Amino acid sequence: MAEANWYVVHTYSGYENKVKMDIEKTIENRRLHDEILEVSVPMQDVVELKNGARKTVAKKMFPGYVLINMVMNDETWYVVRNTRGVTGFVGPGSKPVPLSPEEIAGLAEPESPVLVDFEVGDAVTVVSGTWEGTAGVIASINESKQRVTIHVDMFGRETPVELGFDEVKKL
């Protein structure tokens with residue numbers, strides 16, 4: 001039996017989960033368990049920070065793509081290629097190219113990024129800590145440290161203050 005590899009399938013945007021379910025249904029109906037081993041829509045937990053509230057949501061790592069671990073042959077190619085919502089395999093022309101072991105290893109669970117709903121120049125208010133209740137303007141955002149620098153008015157002049165993402169709220 002040939003070796004199974006991971007392949008990338010391009011889908012209509014927003015149809016990734018539907019394509020996954022349809023392929024899994026076809027695997028059941030045609031008894032292809034030994035040839036199509038796994039169908040995956042890679043998800044990543046992302047922390048969103050809106051109005052000072054943290055919320056973890058699952059987002060697609062690769063919108064418009066589905067990963068399939070399968071043995072490539074005429075039947076499996078036909079089944080996947082003719083699934084509703086699939087536009088084709090990723091690769092030159094009509095020839096699917098399997099992912100390399102390095103590419104597979106790169107898909108390991110990355111660190112969850114934090115998405116914030118503010119940007120440089122936004123007016124914010126401090127919601128906790130020593131500066132609570134103070135209003136300021138965002139001067140810089142350091143996403144890797146999850147900190148913002150705001151300018152606050154202190155004794156008639158602007159003073160930079162560094163705070164955590166969860167310590168400020170957009171006005």
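Since the model is a prediction, treat every value here as computed from it, not as a measurement. Hydrogens, waters and symmetry mates are skipped; everything else that's a heavy atom, side chains included, is used.
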### Query
What residues form a side chain to side chain donor-acceptor pair (under 3.5 Å) with Lys18, not counting sequence neighbours?
Asp22
### Query
Is it the case that one hydrophobic cluster holds both Leu37 and Val19, taking links as side-chain heavy atoms less than 4.5 Å apart, direct or via other members?
no
### Lys170 and Glu119, any side-chain heavy atoms less than 4.5 Å apart
no
### Message
I'd like to check the side chain to side chain donor-acceptor pair (under 3.5 Å) partners of Arg81; sequence neighbours left out, ordered by chain and number.
### Response
none
### Message
What I'd like to find out is whether the side chain of Met61 reaches to under 4.5 Å of the side chain of Met43, using heavy atoms alone.
### Response
no
### Task
Return yes if some donor-acceptor pair links the side-chain N/O of Glu132 with the main-chain N/O of Val126 below 3.5 Å, else return no.
no
#### Entry: Selection residues 152-161 - residue pairs positive for side chain to side chain donor-acceptor pair (under 3.5 Å), sequence neighbours left out
His151-Glu158
### Task
Kindly compute the distance separating CZ (Arg147) from CG (Asn142), expressed to the nearest 0.5 Å.
9.0 Å
#### Entry: With Ile141 via side chain to side chain contact (heavy atoms under 4.5 Å, CB included) - residues at least two apart
Phe118, Val120, Ile138, Glu143, Val148, Phe165
### Message
For a quick test of reading the model, state the closest non-hydrogen atom pair linking Leu99 to Val8 and the distance between them.
### Response
CD2-CG2, 3.7 Å
## Note on the structure
Shortest non-hydrogen pair, Pro92 vs Val97, comes out as CD-CG2, 3.4 Å
### Heavy atoms from other residues, nucleotides or ligands near CG of Asp74 exceed 12 (cutoff 6.0 Å)
no
### Message
If hydrophobic clusters are built from ILVMFWY residues whose side chains come within less than 4.5 Å, do Ile104 and Val90 share one?
### Response
yes
### Test item: Met72 and Asn5 side chains (from C-beta on) under 4.5 Å apart, heavy atoms
no
### Task
Return the set of residues passing side chain to side chain contact (heavy atoms under 4.5 Å, CB included) with Thr26 (not counting sequence neighbours), or none when no residue passes.
Arg30, Val79
#### Entry: OH on Tyr78 to OG1 on Thr83, rounded to 0.5 Å
10.0 Å
### Query
What are the two closest heavy atoms between Ala4 and Asn69, and how far apart are they?
CB-OD1, 3.7 Å
### Task
Please list, chain by chain and in numerical order, all residues satisfying side chain to side chain contact (heavy atoms under 4.5 Å, CB included) with Val39, sequence neighbours excluded.
Lys20, Ile23, Glu24, Ile27, Ile36, Val66, Ile68
### Query
Can any side-chain N or O of Glu103 pair as donor or acceptor with the backbone N or O of Ser100 at less than 3.5 Å?
yes
### Query
At what distance, to the nearest 0.5 angstrom, does NZ of Lys169 lie from OG1 of Thr125?
8.0 Å
#### Entry: Residues which pass side chain to side chain donor-acceptor pair (under 3.5 Å) with Thr76, listed by chain and number, not counting sequence neighbours
Asn73
### Closest non-hydrogen atom pair between Pro42 and Leu67, with its separation
CG-CD1, 3.5 Å
### Query
Can you list the residues that meet the ring pair (Phe, Tyr, Trp, His ring centres under 6.0 Å) rule with Tyr65, with sequence neighbours excluded?
His10
### Task
Would you give the length of the straight line joining atom CD of Gln44 to atom NZ of Lys60, rounded to the nearest 0.5 angstrom?
13.5 Å
### Summary
Residues at least two apart in sequence or cross-chain that pass side chain to side chain donor-acceptor pair (under 3.5 Å) with Glu38, listed by chain then number, are none
### Test ring pair (Phe, Tyr, Trp, His ring centres under 6.0 Å) applied to Phe62 - qualifying residues, sequence neighbours left out
none
### Query
Of the non-hydrogen atoms in Tyr7 and Pro98, which two are nearest, and what is the gap between them?
CE2-N, 3.5 Å
#### Entry: Test salt bridge (charged side-chain N to carboxylate O under 4.0 Å, His left out) applied to Glu75 - qualifying residues, sequence neighbours left out
none
### Message
Restricting to salt bridge (charged side-chain N to carboxylate O under 4.0 Å, His left out), what partner residues turn up for Lys25, sequence neighbours left out?
### Response
none
### Query
Should Thr87 and Tyr12 count as side-chain neighbours, where that means a heavy-atom distance under 4.5 Å?
yes
